[in-house]
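Since the structure comes first, as structure tokens, the remarks are kept for the end.
Ligands are counted one by one from 1 in listed order, and the atoms in each one are counted from 1 as well. Index from 1, following the sequence.
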Amino acid sequence: MDWVEDFYSRTGRWWAEAESGVGDRDRGRVELLHRVCGPDPRRVLELGCGYGSTSAAFAEAGHRVVGVELTDRADHAKAHLERLGPERLRIVRGDFYTVDLRDRFDTVTYWNGFGIGSDADQRRLLRRIAAWLEPDGTALVDVFNPLVWASWHGETELLQANPGRGYHHELQQETVFDPVTSTAVDTWWDAAEPERRITQRLRCYSPADLRLLLEGTGLALAGVLAGGEPVDLAADHTGDAAWLRDHYEYLAVLKPATRSGEDPQGV
Ligand SMILES: C[S@@+](CC[C@H](N)C(=O)[O-])C[C@H]1O[C@@H](n2cnc3c(N)ncnc32)[C@H](O)[C@@H]1O
């Protein structure tokens with residue numbers, strides 16, 4: 001995982017100006033939590049919170065939030081912290097594998113990041129999430145869908161600069177997929193510096209594989225939302241075009257596993 005800090009710090013410098021304010025995506029995540037758990041104020045832990053914009057949106061909606069971020073993306077949360085105050089929003093610069101948080105939370109979230117490292121690394125993180133959660137708590141975790149990332153194999157994209165919107169770099173992206181390890185290999189570079197490429201490697205899991213990964217972690221899959229809509233996991237999804245081509249990530253709803261080993265009640 002030695003690429004992680006450099007990758008997210010450098011991409012953060014490309015995108016922070018445009019993306020560190022609270023936007024529709026952040027408010028949409030608050031709506032998702034309210035849809036799954038109801039609107040009552042909760043203690044929320046956000047892992048990999050980046051610039052803190054989603055944490056800030058949760059704090060604005062009345063929740064008490066702690067965000068954890070590894071890189072200097074966290075520096076961009078300063079304005080949110082000043083506006084919302086320490087009772088509502090705290091950002092901890094640290095590694096979620098080692099950070100020492102004594103609190104318990106009603107909700108733990110990890111948006112758009114799960115899948116860094118090996119299966120053993122994901123299990124280590126899931127066990128930590130289980131320990132942070134209250135017994136009736138809920139974790140919301142975005143998981144990358146291998147089918148859609150595989151369908152992007154070999155694609156390249158040019159992202160034009162748009163200084164008026166805070167995007168100052170012309171960027172190139174190349175995505176390939178390793179079908180044996182089910183890993184998306186996503187490489188980016190600034191068109192002005194083509195020799196300086198950075199790559200993120202994202203392990204992707206189908207819902208069935210996620211269920212297996214969760215075994216023994218203290219968490220179980222209570223439900224899935226894709227495109228914001230609940231998915232009936234017991235139904236036949238053969239040929240489902242959206243799962244095959246559109247939902248590059250889905251939201252896994254995780255609950256503490258029951259002692260009987262039964263899945264918790266779904267969403
Ligand atoms: C793809 S970004 C997503 C950021 C944010 N959640 C969002 O949706 O905009 C993944 C984030 O997780 C952070 N991250 C990765 N590994 C981490 C770790 N071990 N501890 C804390 N943060 C981590 C990265 O630095 C990055 O900001």
Side-chain angles (χ1 to χ4, degrees), residues 1-33 44-59 65-78 80 89-101 105 107-129 131-132 139-145 148-149 159 166-167 171 173 175 183-188 198-205 225 228 247-252:
M1 292 193 272
D2 51 347
W3 55 268
V4 175
E5 183 143 13
D6 181 47
F7 184 91
Y8 293 112
S9 173
R10 182 140 185 253
T11 52
R13 269 175 265 139
W14 291 341
W15 295 321
E17 184 180 323
E19 298 183 2
S20 55
V22 175
D24 290 345
R25 189 174 73 148
D26 305 299
R27 293 190 198 96
R29 290 167 170 174
V30 176
E31 274 171 35
L32 283 172
L33 172 75
V44 176
L45 171 62
E46 187 190 356
L47 303 175
C49 68
Y51 321 113
S53 55
T54 301
S55 288
F58 277 88
V65 187
V66 176
V68 178
E69 170 56 38
L70 181 70
T71 71
D72 54 5
R73 285 184 176 208
D75 298 346
H76 297 277
K78 200 162 168 259
H80 300 307
L89 178 62
R90 208 152 60 84
I91 301 287
V92 178
R93 174 104 188 253
D95 183 339
F96 52 52
Y97 284 110
T98 53
V99 69
D100 187 10
L101 300 173
F105 298 88
T107 302
V108 179
T109 64
Y110 188 8
W111 308 102
N112 186 238
F114 183 78
I116 293 171
S118 65
D119 288 350
D121 293 321
Q122 324 306 342
R123 285 210 178 93
R124 202 150 55 91
L125 180 58
L126 291 164
R127 276 191 213 100
R128 296 209 90 198
I129 293 173
W132 282 317
L140 301 179
V141 178
D142 279 330
V143 181
F144 296 117
N145 173 4
V148 174
W149 284 88
L159 288 95
Y167 294 104
L171 300 173
Q173 180 186 18
T175 306
T183 301
V185 182
D186 186 33
T187 299
W188 290 80
I198 49 174
T199 298
Q200 63 174 342
R201 302 180 66 86
L202 303 169
R203 173 77 159 96
C204 306
Y205 299 92
L225 286 89
H247 301 311
Y248 75 94
E249 64 184 0
Y250 60 89
L251 184 66

Would [X] count as a polar contact of ligand 1, with the cut-off being nitrogen or oxygen pairs under 3.5 Å?
{"X": "D95", "value": "yes"}
{"X": "R25", "value": "yes"}
{"X": "L70", "value": "yes"}
{"X": "F96", "value": "yes"}
{"X": "R29", "value": "yes"}

Please could you name the atoms of ligand 1 that [X] approaches to less than 4.0 Å, counting only its heavy atoms?
{"X": "G94", "value": "20 (N), 21 (C)"}
{"X": "T71", "value": "25 (O)"}
{"X": "N112", "value": "1 (C), 2 (S), 3 (C), 8 (O)"}
{"X": "G50", "value": "27 (O)"}

Subject >> Heavy-atom nearest neighbour in the protein, as seen from atom 11 (C) of ligand 1, with distance rounded to 0.1 Å >> reply: G48 O, 3.6 Å
**OP:** Can you pull out the closest protein heavy atom to atom 13 (C) of ligand 1? Residue, atom name and distance to 0.1 Å, please.
**Re:** E69 OE1, 3.4 Å
Looking at ligand 1, does [X] have a heavy atom less than 4.0 Å from it?
{"X": "E5", "value": "no"}
{"X": "E249", "value": "no"}
{"X": "G12", "value": "no"}

Subject >> Mode of T54 contact toward ligand 1 - side chain, backbone, both, neither (heavy atoms, under 4.0 Å) >> reply: neither
**OP:** Please work out whether any backbone atom (N, CA, C, O) or any side-chain heavy atom from C-beta onward of V4 is under 4.0 Å from ligand 1, and answer side chain, backbone, both or neither.
**Re:** side chain
Original post:
Do the rings of Y205 and F114 sit parallel, tilted or perpendicular, given the 30° and 60° boundaries?
Top reply: tilted
Original post:
With under 30° as parallel and over 60° as perpendicular, where do the rings of F96 and Y110 fit, or are they tilted in between?
Top reply: perpendicular
Original post:
In this structure, are over 12 heavy atoms from other groups packed under 6.0 Å from R90 atom CZ?
Top reply: no
Original post:
If you round to the nearest 0.5 Å, how far is CZ of F58 from OG1 of T109?
Top reply: 5.5 Å
